[in-house]
Amino acid sequence: MDMIINEQPLIMFGARMQMNYTYTPPTLSNEYFKGRQRSTFTLLMSNYDLGSLKVPLVFEGIDHQDVSFKKSGFDGAIFGMCDIEFSDGFRYFAFPDTLGDADYQSESLIESEYIFKCIRHGVMKTSVGNSVLCESTLPYTDCILSVTVGAASDNYVVGPVTFQNVSAGDQLVVDGINKRILVNGSPAADQADWIRFPYMTPGQNSFTCVDTLTIQYYPVYF
């Protein structure tokens with residue numbers, strides 16, 4: 001099994017996987033109501049947290065200092081948010097929950113186990129049109145809506161966002177992934193009214209706009 005971190009293979013850090021990784025799906029939380037002496041219940045809310053990855057690695061170097069620096073370089077690469085890809089085709093937006101102890105098996109070899117919190121995802125999908133089929137299995141999928149304004153408008157609707165005083169040719173972006181609103185590439189949250197950023201649910205989704213949208217999203221999976 002091969003592993004890539006932020007488009008860099010493990011070999012760049014003098015590392016390899018000791019065995020296959022373990023993926024634990026998101027933990028669930030539910031709220032429900034069941035009256036006394038009743039045979040049915042009402043599910044009030046279901047929510048999910050992040051999943052987790054357990055990845056056992058081996059670092060190899062020419063001596064104690066070299067292998068230590070290689071593990072440190074890997075730790076620096078995964079610090080904060082990272083994108084992990086395995087050769088089975090699955091990817092994970094992740095951050096380390098633990099960096100893993102340095103278990104020196106020899107002067108030039110370290111064994112270490114890493115734990116990540118994560119969301120499992122696929123490659124970014126791009127669709128042109130105001131309707132798109134969402135391939136996710138998670139209940140909600142953030143997305144990016146982009147459009148070129150066809151005619152000037154005082155109130156121009158892009159999905160859940162209404163822009164004020166736009167001109168023909170303006171490039172509008174409603175970015176539900178990075179939580180940004182842009183006009184011609186510049187931040188413009190003060191030029192728009194909205195309550196939430198756009199998201200999709202599994203299956204067919206449609207967004208309101210008088211012009212043709214470009215819709216981008218990462219499919220996300222349990």
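Only a predicted model underlies this, so the values are computations on that prediction, with no experimental measurement involved. Just so you know, these numbers use all the heavy atoms, side chains as well, and skip hydrogens, waters and symmetry mates.
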Exercise for the section: Check side-chain contact (heavy atoms from CB on, under 4.5 Å) between A102 and all other residues, then give those that pass, not counting sequence neighbours. Expected result: K71, Y104, I110
Exercise for the section: For the residue pair F86 and Y23, establish whether any side-chain heavy-atom pair is separated by less than 4.5 Å. Expected result: no
Problem - Heavy atoms of other groups near D63 CG, more than 12 under 6.0 Å - result: yes
Problem - Other cluster members, F95 - Ile/Leu/Val/Met/Phe/Trp/Tyr, side-chain contacts below 4.5 Å - result: L28, Y48, L50, I119, L138, Y140, Y199, V220, F222
Practice task
For the pair D66 (side chain) and H64 (backbone), establish whether a donor and an acceptor sit closer than 3.5 Å, ignoring hydrogens and angles.
Solution key: no
Completion exercise
Note: with side-chain heavy atoms under 4.5 Å as the link, the other cluster members for F93 come out as M81, M124, I144, V173, I177, L182, Y218
Give the table of side-chain donor-acceptor pairs shorter than 3.5 Å for residues 6-15, with sequence neighbours excluded, one pair per line with atom names and distance.
residue	atom	partner	partner atom	Å
N6	OD1	D83	N	2.8
N6	ND2	A77	O	3.4

Handout entry: Neighbour count >12 (heavy atoms, 6.0 Å) for atom CD, Q105
Key = yes
Problem - Transitive ILVMFWY cluster of I215, excluding itself - 4.5 Å side-chain cut-off - result: V132, L145, V147, V149, Y156, V158, V161, F163, V166, L172, V174, I181, V183, W194, F197, M200, F207, V210, L213, Y217
Handout entry: Residues K179, D142: salt bridge by 4.0 Å N-O rule
Key = yes
Problem - Listed partners of N184 passing side chain to side chain donor-acceptor pair (under 3.5 Å), at least two apart - result: D170
Problem - All side chain to side chain donor-acceptor pair (under 3.5 Å) counterparts of E85, not counting sequence neighbours - result: R91
Practice task
Applying side chain to side chain donor-acceptor pair (under 3.5 Å), name anything that partners D193, two or more places apart in sequence or on another chain.
Solution key: Q164
Practice task
May I have all residue pairs that pass side-chain hydrogen bond (donor to acceptor under 3.5 Å, both in side chains) and include part of residues 31-44, sequence neighbours excluded?
Solution key: none
Practice task
With the side chain counted from C-beta on, respond yes when M1 and D88 share a heavy-atom pair under 4.5 Å apart, and no when they do not.
Solution key: yes
Practice task
Provide the full list of side-chain hydrogen bond (donor to acceptor under 3.5 Å, both in side chains) pairs with a residue in residues 123-139, sequence neighbours left out, each pair given once.
Solution key: S131-Q204, S131-S206, S136-T141
Exercise for the section: Please identify each residue that fulfils side chain to side chain donor-acceptor pair (under 3.5 Å) with E113, with sequence neighbours left out. Expected result: none
Exercise for the section: Report yes if some heavy atom in the side chain of F116 is under 4.5 Å from a heavy atom in the side chain of I78; otherwise report no. Expected result: yes
Completion exercise
Using a 4.5 Å side-chain heavy-atom cut-off and chaining through intermediate ILVMFWY residues, the residues clustered with F79 come out as none
